[in-house]
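Keep in mind that what you see is a predicted model, and the values were worked out from it rather than measured. Residue numbers start at 1 and run along the sequence shown.
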Amino acid sequence: MKNELIQKSYEIAKERYAAVGVSIEQALEALQKISISIHCWQADDVTGFENRGNLGGGGIQTTGNYPGKARNREEIQQDIEKVLTLIAGNHRLNLHAIYGDFQGKVVDRDAIEPAHFISWMQWAKEKGLKLDFNSTSFGHPKSGNLTLANPELSIRNFWIEHTKRCRLISEEMGKFQNDPCIMNLWIHDGSKDFTVNRLRYRQILEQSLDEIFAEKYSHMKDCIEAKLFGIGLESYTVGSYDFYLGYGMKKQKMATLDTGHFHLSESVADKISSLLLFTPEIMLHVSRPIRWDSDHVTILNDEVSDLAKEIVRANALDRVHIGLDYFDASINRLGAYVIGIRAVQKAFLQALLEPIRQLREYEANGQYFERLALLEEAKSLPWNAVWDYFCLINNIPVGEEYIADIRKYEQEVTGKRK
């Protein structure tokens, strides 16, 4: 009976959207192709497998102690496999360097190799996932306040070597999966209080990046991620948005826009069209900041909706890569995954269902009242009926049904982890 109601609501929605010149079938086809890079670190609170304990520090912090976090690679994979049964589409998995299969051995970060990630590559292939990668500069005795921007040569060379090895690992991942692996470079480098050496640290960082990127690869793509500030490093960030935008334009590197790394008054959506003019591609890390740079679970809010609409309006789905980046340890971690992934997909569905041809015609004709009126009315169009149908045809729980699935998994699996 419920399936019949979903089908009936979908048919009504199809007629309603057709009236404003929108093809639901085309929107669903496009949505099905959008891959989200799912971040592995939500499953274990950014702990990793280095046997170093909690990796807090270095500009980040996970808050909360909800029971049942993943304790090893097998449990993270088990949790991700469960998440995949509750979301539609073909997606990617984003790994940090600290998640290597180290076989219980202590492997320092300047010694990691592709061999430490073979088991991830094989598992991902079995599950139909593609892998992305990140260097890890935080949570290490040599992290301090400065890594790649550190004036001390021995410290700086350690992190340069680490990042070079991460690029090589990404290249091997790309070869294995026959699809480029996107490697993100983010460092926390900065200062808690005033610095009088702003230029010097940025000069050092530029030199480090030049050395890291000297090796050319064809099966991976580099992206560089800016930040407004890190915890304990609030006054100065070496790798600021302006720094990486300039470097990315100069070197034609992909820019990473993390929605939690900007001032709350900034519109990340507004940056999309500018970057598309000057950088080859864009990487998104979608999170939800509250008051300060934080990583709350992504929800369907105005910021995410605006981001999706700007990408679709720019016809840039083939140039913008979408990933998630939050680590909430205060609620069920699988629930956090599913809420965030579905929220991003809903935002892109709304964007794909926007009556863009009519809106552009109004704008071209100077009919600004009509443009604003249609933008407002489009918010009330029955996109949720299309979403329910999308879930139905992908054989995943519709609406709030996934809550029961996650509760059951908690009772049978994560609730038994000590």
- [ ] Answer yes if the side chains of Glu410 and Tyr66 hold a donor-acceptor pair under 3.5 Å, and no otherwise.
- [x] yes
Would Phe229 and His188 count as a ring-ring contact (aromatic ring centres under 6.0 Å, His included) here? Give the steps. CA-CA 8 Å; Phe229 70 88; His188 57 273; over 10 Å; no
The ring-ring contact (aromatic ring centres under 6.0 Å, His included) partners of Tyr337 (sequence neighbours excluded) come to His39
What's the verdict on side-chain hydrogen bond (donor to acceptor under 3.5 Å, both in side chains) for Asp325 and Trp41, showing C-alpha distance, side-chain angles and the deciding distance? CA-CA 8 Å; Asp325 185 7; Trp41 49 93; 2.9 Å; yes
So the ring-ring contact (aromatic ring centres under 6.0 Å, His included) pairs with at least one residue in residues 351-383 (sequence neighbours excluded) are none
Using a cut-off of 6.0 Å, state whether more than 12 heavy atoms not belonging to Asn90 lie near its atom CG.
no
Side chain to side chain donor-acceptor pair (under 3.5 Å) filter on His321, not counting sequence neighbours, yields Glu281
Quiz item: Is it true that Glu361 and Arg357 make a salt bridge, defined as a side-chain N closer than 4.0 Å to a carboxylate O?
Solution: no
ask   = Is Glu171 salt-bridged to Lys216, cutoff N-O under 4.0 Å?
value = no
- Is the shortest side-chain N to carboxylate O distance from Glu75 to Arg417 below 4.0 Å? yes
| message | Applying side-chain hydrogen bond (donor to acceptor under 3.5 Å, both in side chains) to Lys69 and Thr47, what does each step give before you reach the verdict? | response | CA-CA 10 Å; Lys69 77 172 184 176; Thr47 301; 3.1 Å; yes
If you measure from the Lys or Arg side-chain nitrogens to the Asp or Glu carboxylate oxygens, is any gap between Glu211 and Lys164 under 4.0 Å? yes
Check your understanding: What do the steps show when you test His140 against Trp159 for ring-ring contact (aromatic ring centres under 6.0 Å, His included), and what is the final call?
Key -> CA-CA 11 Å; His140 187 278; Trp159 292 111; 5.3 Å; yes
Carboxylate-amine/guanidinium proximity below 4.0 Å for Glu50 and Arg109
yes
Before accepting this row, confirm whether a basic side-chain N of the pair Glu401/Lys2 lies closer than 4.0 Å to the acidic partner's carboxylate O. yes
Requested in this report: Before accepting this row, confirm whether a basic side-chain N of the pair Lys175/Glu172 lies closer than 4.0 Å to the acidic partner's carboxylate O.
Outcome: yes
What do you reckon, is CG of Asn365 surrounded by more than 12 foreign heavy atoms closer than 6.0 Å? yes
Residues Ala70 and Ile76: closest non-hydrogen pair is CB-CG1, 3.5 Å
Run the side-chain contact (heavy atoms from CB on, under 4.5 Å) check on Tyr99 and Arg73 step by step: do they pass?
CA-CA 7 Å; Tyr99 290 88; Arg73 177 176 57 87; over 6 Å; no
Closest non-hydrogen atoms of Ile187 and Leu205, given as atom of the first, atom of the second and distance, are CD1-CD1, 3.6 Å
Output for pair (Ile282 CD1, Ile322 CD1), nearest 0.5 Å, gives 11.0 Å
| Is there a side-chain contact between Ser191 and Arg198, using heavy atoms and a 4.5 Å cut-off? | no
Closest heavy-atom pair, Gly323 versus Met283, reported as atoms and distance to 0.1 Å, is N-CE, 3.6 Å
_Tell me whether Asp318 at atom CG has more than 12 heavy atoms from other residues, nucleotides or ligands lying less than 6.0 Å away._
yes
Enclosure of Gln367 CD (heavy-atom neighbours >12, cutoff 6.0 Å): yes
So, are Lys14 and Glu25 salt-bridged, with charged N and O less than 4.0 Å apart? yes
Interatomic distance, CG@Leu209 vs NZ@Lys250, rounded to 0.5 Å, equals 11.0 Å
task = For the residue pair Tyr236 and Tyr201, categorise the inter-ring angle as parallel (less than 30°), tilted (30 to 60°) or perpendicular (more than 60°).
result = tilted
Rounded to the nearest 0.5 Å, the NE2 atom of His261 sits from the OG atom of Ser240 at a distance of 13.0 Å
By ring-ring contact (aromatic ring centres under 6.0 Å, His included), Trp120 pairs with (sequence neighbours left out) Trp123
| Are any of the side-chain nitrogens in Lys271 or Glu310 under 4.0 Å away from the carboxylate oxygens of its partner? | no
message = Could you tell me if Thr136 and His96 have a donor-acceptor pair between their side chains, going purely by distance under 3.5 Å?
response = yes
Does CG in Asp193 sit with more than 12 non-hydrogen atoms of other residues, nucleotides or ligands closer than 6.0 Å? yes
With sequence neighbours left out, the residues meeting side chain to side chain contact (heavy atoms under 4.5 Å, CB included) with Glu29 are Lys33
With no hydrogens and no angle check, do the side chains of Ser330 and Asp328 hold a donor and an acceptor under 3.5 Å apart?
yes
All heavy atoms of Ser287 vs all of Thr298, minimum pair found to be CA-OG1, 3.5 Å
Salt-bridge criterion met for Arg92 and Asp132 (N-O under 4.0 Å):
yes
**Report entry** Stepwise ring-ring contact (aromatic ring centres under 6.0 Å, His included) check, His296 with Tyr326
**Finding:** CA-CA 6 Å; His296 291 67; Tyr326 51 81; 9.8 Å; no
- Query: Can we say Arg333 and Asp45 salt-bridge, meaning some charged N sits less than 4.0 Å from an Asp/Glu carboxylate O?
  - Reply: yes
Applied to residues 6-25, the ring-ring contact (aromatic ring centres under 6.0 Å, His included) test, sequence neighbours excluded, yields Tyr10-Tyr389
Test side chain to side chain contact (heavy atoms under 4.5 Å, CB included), reference Val312, set Ile356, Ile34, Leu352, Leu353, output is Leu352
Arg16, CZ atom: more than 12 neighbouring heavy atoms under 6.0 Å:
no
One should read off an interatomic distance between Ile24 CD1 and Leu31 CG, to the nearest 0.5 angstrom, of 12.0 Å
From the list Phe49, Phe133, Phe176, ring pair (Phe, Tyr, Trp, His ring centres under 6.0 Å) partner of Phe117 resolves to Phe133
